[in-house]
J.: 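Got a structure for you, questions after.
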Amino acid sequence: MNNQKFETKAIRNQLERTQYLEHSVPLYLTSSYVFEDAEDMRASFAEEKDRNIYSRYSNPNTSEFVDKVCQMERAEAGFAFASGMAAVFSTFAALLESGDHILSSRSIFGSTHSLFTNFFPKWNIETSFFEVDGLDEIENHIQENTRLIYVESPTNPGVDIIDLEVLGNIAKRHGLLFIVDNCFASPYLQQPIQFGADLVIHSGTKLMDGQGRVLAGVTVGSAELVDKIYRFARITGPTLSPFNAWILSKSLETLAMRVDRHCENALQLAQYLENHPKVNWVKYPMLPSHPNYEIAKKQMKAGGSVVAFEVRGGLEAGRRFFDSVTLLTLSANLGDTRSIVTHPASTTHSKLSEAERLQVGITDGMVRVSVGLEHIEDIVGDIAQALG
Ligand SMILES: *Cc1c(COP(=O)(O)O)cnc(C)c1O
């Protein structure tokens with residue numbers, strides 16, 4: 001690993017040039033690769049050679065993308081997936097056995113929650129949830145069959161912050177794996193391996209692509225664990241396409257400057273909302289009013305692109321707000337150049353029961369704003385007129 005800065009690596013880390021001396025990374029749309037002779041074919045399949053065989057296993061574009069993410073996260077190895085959920089599922093499926101137990105923070109992405117509660121039980125994998133502000137009690141939840149601790153920070157959609165260093169130490173003390181979904185921060189704002197994470201998962205669909213074009217996922221971390229994930233993935237086939245990897249690699253070249261602006265805009269919007277009479281509360285990691293502001297400052301470079309707030313007046317007022325925005329779009333994505341407003345209770349987290357939603361702070365009037373890269377005055381202007 002060289003000493004170049006993050007921004008430089010994101011641009012200058014690339015494949016060796018071909019005989020055409022291209023400046024930008026070429027796209028390798030090929031499903032398979034040729035062998036020189038019988039011995040090459042045998043040795044390649046015996047894994048005596050580090051080379052591409054078939055694009056379900058590896059491809060120059062997916063390898064280049066993964067290598068970039070590894071440099072950004074300071075990870076040894078990684079594997080790229082067709083979506084963030086493919087990365088989440090494959091990581092657990094590769095590492096867990098029937099009878100194992102997961103310890104997860106309660107506040108997690110809706111589909112991950114559904115995976116833990118609706119699907120894993122049929123393979124006899126159970127999950128216990130701990131509260132974001134209940135790290136003192138987490139050791140009480142550890143069972144003999146607990147294999148790993150799983151968290152997101154900041155969380156979706158409540159932008160809660162969890163102390164990664166504390167969890168990293170607990171995991172180490174009990175010999176558990178520590179896995180972090182780092183999608184809300186991006187590798188530019190936070191690198192969980194530094195706090196003891198064994199694996200880091202991203203939905204590349206969000207800030208990594210950042211332009212609302214492709215679905216992708218990636219898991220990076222210890223080479224030993226990634227090898228197990230690779231063995232599972234090359235057989236089951238959740239692999240990222242070369243085309244999407246090529247798009248993402250280009251996107252990563254501008255990650256730092258995009259995320260800087262996302263964070264500047266989000267902080268300004270959060271400060272504006274904090275003083276608005278029609279807003280009950282605002283949550284953004286870099287507001288001093290955030291319950292875990294000090295932890296956010298310790299582990300993140302800036303607060304990220306998502307601001308959560310509650311419109312005064314409950315569901316009715318919330319609906320009026322969503323029907324009144326004109327510039328901002330109603331959509332389910334986040335981390336896009338375009339600012340997006342989402343109603344978690346009726347969309348991303350609608351599969352949770354109302355009680356489960358309230359446990360993680362998702363009220364009916366809660367709005368999640370993914371603050372984009374439009375001019376901040378236009379973003380604030382639209383939200384101001386929609387609040388009325
Ligand atoms: C979106 C998201 C995922 C899933 O990613 P997809 O690319 O949509 O499959 C996982 N975790 C978090 C925190 C997310 O926001």
Side-chain angles (χ1 to χ4, degrees), residues 62 65-66 69 73 78-93 102 104-117 119-120 127 129 132 150-162 164 179-190 192 197 199-220 233 237-241 244-245 247-248 251-252 259 262 266 283 285 300 303-308 331-336 340-344 347-352 360-362 368-372:
T62 53
F65 165 63
V66 168
V69 178
E73 289 283 6
F79 191 81
F81 297 90
S83 71
M85 283 317 297
V88 170
F89 173 71
S90 303
T91 299
F92 286 110
I102 300 168
S104 167
S105 60
R106 190 177 300 282
S107 191
I108 48 172
F109 186 61
S111 297
T112 308
H113 187 275
S114 188
L115 182 65
F116 290 169
T117 53
F119 293 95
F120 278 177
T127 305
F129 295 101
V132 172
Y150 180 75
V151 291
E152 294 173 13
S153 184
T155 63
N156 181 9
V159 290
D160 292 309
I161 298 292
I162 302 181
L164 298 179
I179 305 182
V180 178
D181 180 334
N182 200 27
C183 160
F184 263 50
S186 88
Y188 177 60
L189 298 181
Q190 169 178 285
L199 291 168
V200 175
I201 300 177
H202 283 280
S203 164
T205 318
K206 314 296 169 55
L207 286 166
M208 276 191 179
D209 175 41
Q211 289 146 88
R213 299 169 297 187
V214 298
L215 286 169
V218 61
T219 300
V220 299
T239 316
L240 181 65
S241 79
N244 285 2
I247 296 268
L248 280 158
S251 305
L252 288 180
V259 173
H262 278 291
K283 257 169 102 184
M300 296 177 78
S305 68
V306 175
V307 177
S331 181
N333 197 17
L334 61 94
D336 193 327
I340 292 168
V341 283
T342 309
H343 185 225
T347 60
T348 52
H349 288 71
S350 58
K351 299 283 184 296
L352 276 66
V360 292
I362 302 173
R368 185 188 81 185
V369 190
S370 163
V371 184

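For ligands, and for the atoms within them, numbers begin at 1 and follow the listed sequence.
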J.: Report, in ascending order of atom number, the atoms of ligand 1 lying under 4.0 Å from any heavy atom of Asp181.
T.: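 It comes down to these atoms of ligand 1: 10 (C), 11 (N), 12 (C), 13 (C).
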J.: Less than 3.5 Å between some nitrogen or oxygen of Phe184 and one of ligand 1, yes or no?
T.: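 Checking ligand 1 against Phe184, no N or O pair falls under 3.5 Å apart.
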J.: Could you point out which residue of Thr205, Asp209, Thr342 forms a side chain to side chain contact (heavy atoms under 4.5 Å, CB included) with Asn333?
T.: Thr205
J.: Is Val88 close enough to touch ligand 1? Criterion: a residue heavy atom under 4.0 Å from a ligand atom.
T.: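 Outside the 4.0 Å threshold, so no.
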J.: Under 4.0 angstrom from ligand 1, any heavy atom of Gly217?
T.: no
J.: Ligand 1 and Thr112, any nitrogen or oxygen pair closer than 3.5 angstrom?
T.: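 In fact, backbone or side chain, Thr112 has no N or O that close.
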J.: Can you confirm if the NZ or CZ of Lys351 lies within 45° of the ring axis of Phe119 and under 6.0 Å from the centre of its six-membered ring?
T.: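 Lys351 over Phe119 ring: no.
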J.: Minimum heavy-atom separation for Pro154 to Val159, with atom names?
T.: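 Distance-wise, the nearest heavy atoms are CB-CA, 4.2 Å.
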J.: For the 3.5 Å polar cut-off, considering only N or O atoms, please tell me whether Gly84 and ligand 1 meet it.
T.: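 There is such a contact, yes.
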J.: Distance only, no hydrogens: is a donor on one side chain within 3.5 Å (strictly under) of an acceptor on the other, for Arg368 and Asn156?
T.: yes
J.: Would you say ligand 1 has an N or O under 3.5 Å from any N or O of Glu152?
T.: no
J.: Would you please determine whether Ala86 falls within less than 4.0 Å of ligand 1 on a heavy-atom basis?
T.: no
J.: Without hydrogens or angle criteria, can the side chains of Gln211 and Asp336 be said to hold a donor-acceptor pair below 3.5 Å?
T.: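 Checked: Gln211/Asp336 side chains show no N/O donor-acceptor pair below 3.5 Å.
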J.: Which class fits the ring pair Phe129 and His113: parallel under 30°, tilted 30 to 60°, perpendicular over 60°?
T.: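 Rings of Phe129 and His113: parallel, under 30°.
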